[in-house]
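For reference, the structure discussed in these notes is given below.
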Amino acid sequence: MSLGARTAGFLLLILGGCADLPLENAKLPREVSENPQRYVVVAVHNEAAGVASRPGATVRGYDAVGRYGPSARSKRLIATLQREYDLHTVAGWPIDPLQLECVVFQIGTGTLTDLLPRLMRDPRVRIAEPLQNFRTLGDAGTLGDAGDPYRSLQKNLALLGLDRAHRVARGSGVRIALIDTGVSIEHPDLAGAVAEWRDFTGGGARAFKSDVHGTEVAGVIAAREGNGIGIAGVAPEAQLSALKACWEESGEPHAVCNTFTLAQSITYAIGTHARIVNLSLTGPADPLLAQLVTWGVAHGVIFVGAVAADGTPAGFPAGVPGVLAVDRAENATHLAQVLYAPGEGLLTLTPDAHYDFASGSSLAAAEVSGLVALLLEQHPLDAGTARRLLLNSERNAAGSIASVDVCAAFDAVAQPACSTAVAASTSLEHARRIHTRD
């Protein structure tokens, strides 16, 4: 089976359902997650609806998304595959950047083990794979004194060089797509940080706002600075697109996502011009998701992914070429292309306006997404340049862990540099006062 896909131009967004349903209806029923071995993901060629004039541009506005769906040819082919392989369509959506129509089929008779090789050999099928699961990578912590979560408790900020870097940049104007669980968007330390939120799991607004993992990651990235409460994020002026692709399982410390929800959310993030996509999760190699990320990287999107517990950048997303793979520095094995950031005992946000300590490569990845936002505020960067700057910035100062250092990265490119942060801060504040008077 060929995993290649033509990418003639950038076309906006995915659409829920094979019957031109709104995006919000592209959801899987609960029984799919309970019995995934009875389902398969299949993609066939779908004609493009238009061509963008330049990389990163769109050929239609977001409001027009509902007019686009699977082509007549792809519909006929899907109906044929259903008959020939005894399949039943559960949900489908066109992925325009890859010119694919993607369908989740329920298997009728037979087993996935027997069916999958036959589908992969079928020349009409571009991708055939199991409906795979992915998990977030955070460990719960305990806040000893829940009354005073101050910035002084955020030891990671100094390790990352942020005490000086925030005088140079705070991530202003940079959009980060947070693909995770839901986020407590009403947390007072995220006021103004979440530009939009969207649920690809069908869990509803209440579940979205009470999810823990996404709230922790959002706090690390974008908790507001200088608001008189709580903590400061790595990029406290960045804007978040909170895209829920993962759901929390009762009694489990991690959340779960699958190929279907991740494909939708990644395509949405690309289509809405996110500069950075944070994927604090891990799972097996996935052909469809790898194609989507590869297309996004080629068109200027920077993807940041968490490394699994064994420290090896494999599977999805960390194993996809072009993804900034991140592990927690406390477990650093210093593999050549892995970035390391603090990931143990980070003070961050939790739902219901609370704070707590948390650990994991999920949070280390969130820190790197924030650092890239700081760099992007000042300099146009692609993923390769961002990786090079941050890899070269790693240090092992006395009494600290080896970690990326955004100030060293700034110093390597151009002014304003962190080495002259005080002067830069003075100039920046002067410019802001002039702008305010105007």
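Worth knowing before you read on, the calculation uses all heavy atoms, side chains too, and leaves out hydrogens, waters and symmetry mates.
Taking the six-membered ring for Trp and thresholds of 30 and 60 degrees, Phe260 and Trp93 have ring planes more than 60 degrees apart, a perpendicular arrangement.
Between the Ser210 side chain and the Arg206 main chain, a donor and an acceptor come within less than 3.5 Å of each other. Not a single donor-acceptor pair under 3.5 Å links the side chain of His354 to the backbone N or O of Thr350. At distances below 3.5 Å, at least one donor-acceptor pair connects side-chain atoms of Arg224 with backbone N or O atoms of Pro236. In this structure a side-chain-to-backbone donor-acceptor pair under 3.5 Å is present from Glu330 to Gly343. Without hydrogens or angle criteria, Thr215 side chain to Ser184 main chain gives a donor-acceptor distance under 3.5 Å. With hydrogens and angles ignored, the 3.5 Å screen pairs no side-chain donor or acceptor of His187 with any backbone N or O of Gly219. Under a 3.5 Å cut-off, the side chain of Glu216 and the backbone N or O of Leu363 do not form any donor-acceptor pair.
With sequence neighbours excluded, the residues that form a side chain to side chain donor-acceptor pair (under 3.5 Å) with Thr201 are Asp199. Residues satisfying the side chain to side chain donor-acceptor pair (under 3.5 Å) test with Thr385, not counting sequence neighbours, are Asp382. Partners of Ala218 by side chain to side chain contact (heavy atoms under 4.5 Å, CB included), not counting sequence neighbours, listed by chain and number: Leu178, Val183, Leu190, Leu240. Not counting sequence neighbours, the partners of Asn392 by the side chain to side chain contact (heavy atoms under 4.5 Å, CB included) test are Arg388. The side chain to side chain donor-acceptor pair (under 3.5 Å) search around Ser241 returns Arg175, Glu196, not counting sequence neighbours. Checked against ring-ring contact (aromatic ring centres under 6.0 Å, His included), Tyr39 has no partners two or more places apart in sequence or in another chain. For Thr282, the side chain to side chain contact (heavy atoms under 4.5 Å, CB included) criterion is met by Leu137, Ala308, not counting sequence neighbours. In this view, Trp247 satisfies the ring-ring contact (aromatic ring centres under 6.0 Å, His included) rule with no residue, not counting sequence neighbours. Residues that satisfy the ring-ring contact (aromatic ring centres under 6.0 Å, His included) test with Phe105, not counting sequence neighbours, are absent from this structure. When the side chain to side chain donor-acceptor pair (under 3.5 Å) test is applied to Thr348, no partner is found at least two apart in sequence or on another chain.
Screening residues 180-189 for salt bridge (charged side-chain N to carboxylate O under 4.0 Å, His left out) gives Glu186-Lys209 as the qualifying pairs, with residues at least two apart or on separate chains. Within the structure, the disulfide (SG to SG under 2.5 Å) test picks out no pair touching residues 349-379 (sequence neighbours left out).
Counted by atom type alone, Asp286 and Thr259 present one or more donor-acceptor pairs between their side chains at under 3.5 Å. Inspection of the Gln132 and Asn258 side chains reveals no N or O donor paired with an N or O acceptor under 3.5 Å. When only modelled atom types and interatomic distance are considered, Asn46 and Ser74 share a side-chain donor-acceptor pair under 3.5 Å. In the model, Ser362 has a side-chain atom that pairs as donor or acceptor with a side-chain atom of His213 under 3.5 Å.
Here the side chains of Leu288 and Leu98 are in contact, with some heavy-atom distance below 4.5 Å.
Minimum heavy-atom separation, Ala373 to Ile176: CB-CD1, 3.9 Å. In this structure, Val326 and Ala365 approach most closely via the heavy-atom pair CG1-N, 3.7 Å. Here the closest heavy-atom approach between residue Glu367 and residue Ala341 is recorded as OE1-CB, 3.3 Å. Nearest heavy-atom pair, Phe316 versus Val293, reported as atom, atom and distance to 0.1 Å: CE1-CG2, 3.7 Å. Here the closest heavy-atom approach between residue Val307 and residue Pro313 is recorded as CG1-N, 4.2 Å.
A distance of 8.0 Å separates CZ in Arg126 from CD in Gln99, rounded to the nearest 0.5 Å. Between the CD atom of Gln106 and the OG1 atom of Thr89 there is a distance of 10.5 Å, given to the nearest 0.5 Å. Between the OG1 atom of Thr267 and the CG atom of Asp96 there is a distance of 8.5 Å, given to the nearest 0.5 Å.
Between Ile221 and the options Ile276, Val368, Asn278, a side chain to side chain contact (heavy atoms under 4.5 Å, CB included) holds for only Asn278.
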